[in-house]
Amino acid sequence: MSAAPPPAIKTIEGVPKEAALRALIQRTGYNLLQENGQRIYGRPPPAWDGPAPQRGTEVFVGKLPRDLYEDELVPVFEKIGRIYELRLMMDFSGSNRGYAFVMFTSKEDAKNAVRQLNNYEIRKGRFIGVIQSVDNCRLFVGGIPKNKTRDDILTEMGKITEGVVNVIVYPMVTDKTKNRGFAFVEYESHRAAAMARRKLIPGRIQLWGHQIAVDWAEPEPEVDEEVMRKVKVLYVRNLMVTTTEDTIREAFELGEDTVTRVKKIRDYAFVHYKTREDALEAMTAMNGKALEGAKIEVTLAKPVDRYTRQARQAMNDQSYMIPPFLPPMYSQFDPLTGGPMMGGLGS
């Protein structure tokens, strides 16, 4: 039986801390490859058999010192669980770009990494931020004529890009017959969205004779399925500014006191129910209905746990660039408890 081949090292000759990097892969048996502005550790790990891990297993790591590399990162994250891959974003000078992505082999390890390593002191006085990573399949498209409908935009984007699955359009607050001049276009995969962005971003393509602006949109945060199964709050958007909380309560009330609270903010609102069953029944009954002349959209509200919220806030407080595919934070109040999201879920 032949011996296992040594781990691969490609294009790291002469890089900072080369000896330490070589010692790392000698110890772990992982590959370390450089490609397209990033250095990839793993993918797959030694003796891996099967497909890549499922979605929800990757975390974003920010606030990294620019002279910190895999020899310091790997020992920290491998204590949480088995690493499938670690991608360190690099610039031409050989320094890192301040952030990395770590994919574990299980969702639970990714969650534990956020809980245990967010605000971890990786060097004296240097604290990293760790949050859940999200595959982005959504583009922001600005410069759209305000008289165009969702179907108009869906048809036009389908003509010039591939893989379009949905378009989200927000009507103007004061005139629901017009859009706000932008839309979010969703694609079947991150790759399809990236290809569309590459095609559209140079500005060579116009829509209806208008120059458009295209960039990544912030995707909705992924919420644990167990958490979502407990939500009993509805998110209602596209309301008239003049619609009152009392009007919303009356429209969404199923019987006697099934609604416990209504909170309206400009043209959207959250409606809280005593039971999840009542919330689901109201969502089915009210989604797509007209309320005071506006066609409303109704979905279950999505809470964000305190670890993700605190990590995102900490990284937003820094004065460096964060990639545009981090999940947004919803901090109005907790859709599970109905109270302010001061301490996150379960607090």
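Throughout, residue positions are numbered sequentially from 1 according to the sequence presented. Quick caveat, the model's predicted, so the values are computed rather than measured.
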Applying side chain to side chain contact (heavy atoms under 4.5 Å, CB included), run through Leu300 and Arg276 and close with a yes or a no.
-> CA-CA 10 Å; Leu300 287 171; Arg276 177 176 172 81; 3.9 Å; yes

Taking it one step at a time, do Tyr120 and Val76 satisfy side chain to side chain contact (heavy atoms under 4.5 Å, CB included)?
-> CA-CA 9 Å; Tyr120 175 81; Val76 172; 3.8 Å; yes

Arg197 and Thr161: side chain to side chain contact (heavy atoms under 4.5 Å, CB included), yes or no, with the steps?
-> CA-CA 9 Å; Arg197 178 176 178 268; Thr161 61; over 6 Å; no

Derivation of the side chain to side chain contact (heavy atoms under 4.5 Å, CB included) call for Ile80 and Glu78 | CA-CA 5 Å; Ile80 300 297; Glu78 68 183 359; over 6 Å; no

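Between the side chain of Asn96 and the backbone N or O of Arg66 there is at least one donor-acceptor pair closer than 3.5 Å. The backbone N or O of Asp109 sits nowhere less than 3.5 Å from a side-chain atom of Asn112 that would complete a donor-acceptor pair. Without hydrogens or angle criteria, Lys289 side chain to Leu291 main chain gives no donor-acceptor distance under 3.5 Å.
Atoms NZ and OG1, from Lys146 and Thr177 in turn, are 11.5 Å apart once rounded to the nearest 0.5 Å. Note that CD of Glu281 and OG1 of Thr275 are 8.5 Å apart. Values are rounded to the nearest 0.5 Å. Separating the CD1 atom in Ile144 from the CG atom in Asn179 is a distance of 6.5 Å, to the nearest 0.5 Å. Here the straight-line distance linking atom CD of Glu277 with atom OG1 of Thr258 works out to 12.0 Å at 0.5 Å rounding. Rounding to the nearest 0.5 angstrom, the gap separating the CG atom in Leu21 from the CD atom in Glu72 is 10.0 Å. Between the CD atom of Glu297 and the CD1 atom of Ile168 there is a distance of 8.0 Å, given to the nearest 0.5 Å.
Note on Arg261 versus Glu245: no salt bridge recorded, every NZ/NE/NH1/NH2 to OD/OE distance being 4.0 Å or above.
Considering all non-hydrogen atoms of both residues, Tyr30 and Gly42 come closest at CD2-CA, 3.5 Å. Residues Asp91 and Arg97 approach most closely at N-CG, 3.7 Å, considering heavy atoms.
Crowding of Glu18 atom CD: a count of heavy atoms from other residues, nucleotides or ligands under 6.0 Å exceeding 12.
A cation-pi geometry, defined here as NZ or CZ lying under 6.0 Å from the six-membered ring centre and within 45° of its normal, holds between Arg237 and Tyr170. Annotation: cation-pi geometry satisfied between Arg87 and Phe101 (NZ/CZ under 6.0 angstrom from ring centroid, within 45° of ring axis).
The one candidate from Asp278, Thr247, Val262, Val236 that meets the side-chain contact (heavy atoms from CB on, under 4.5 Å) condition with Phe252 is Val236.
Between Phe77 and Phe104, the ring planes are tilted. Angles from 30° to 60° get that label.
Follow the hydrophobic side-chain contacts under 4.5 Å out from Met103 and you never reach Ile40; the two are in separate clusters.
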